[in-house]
Amino acid sequence: MSQQPSTTDSSVSRQEILEVANLARLGVDIDTADSYASDISKVLELMHTLAGVDTSELTPLANIHEACQELRADVAKHDINRERNQSMAPAVEQGLYLVPQVIE
């Protein structure tokens, strides 16, 4: 790109989108470039807003699973009804589901 954006500049221009698309060998028309520029500018503006939030009083969370999480008991259940399930299958033979051959 022709110029480096400042760290506080949260806007992306149509020209920047077209330059990046050209470098990536992508065909992007003017209307799409305008839409991309608008969308990316909104995301960058949100990131700039989030960067300004004071998080100094927050304790970092190293892993989301450190939070208390209720889990169900790991108990085996035998509620599979083979006859009922196979009655809905298009083709069954000797208790096995038959499927069309996909690899020769």
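Computed from a prediction, not measured in an experiment: that's the story for all the values here.
Atoms OG and CD, from S13 and E19 in turn, are 7.0 Å apart once rounded to the nearest 0.5 Å. In this structure, OG on S11 lies 7.0 Å from CD on E16, to the nearest 0.5 angstrom.
For L50, the side chain to side chain contact (heavy atoms under 4.5 Å, CB included) criterion is met by L46, M47, not counting sequence neighbours.
No continuous path of hydrophobic side-chain contacts links V28 to V43 [ILVMFWY only; heavy atoms under 4.5 Å].
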Please table the atom pairs, donor to acceptor, closer than 3.5 Å between any side-chain atom in residues 87-104 and protein atoms at least two apart or in another chain.
residue, atom, partner, partner atom, Å
S87, OG, R84, O, 2.6
Q101, NE2, I103, O, 2.7

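Looking only at side-chain heavy atoms (C-beta outward), L26 and V20 stay at 4.5 Å or farther from each other.
L58 belongs to no hydrophobic cluster, as no Ile, Leu, Val, Met, Phe, Trp or Tyr side chain comes under 4.5 Å of its own.
A side chain to side chain donor-acceptor pair (under 3.5 Å) check over residues 27-38, counting only residues at least two apart or in different chains, returns the pairs R14-D34, D29-T32. Listed by first then second residue, pairs satisfying salt bridge (charged side-chain N to carboxylate O under 4.0 Å, His left out) with a partner in residues 38-47 number zero, not counting sequence neighbours.
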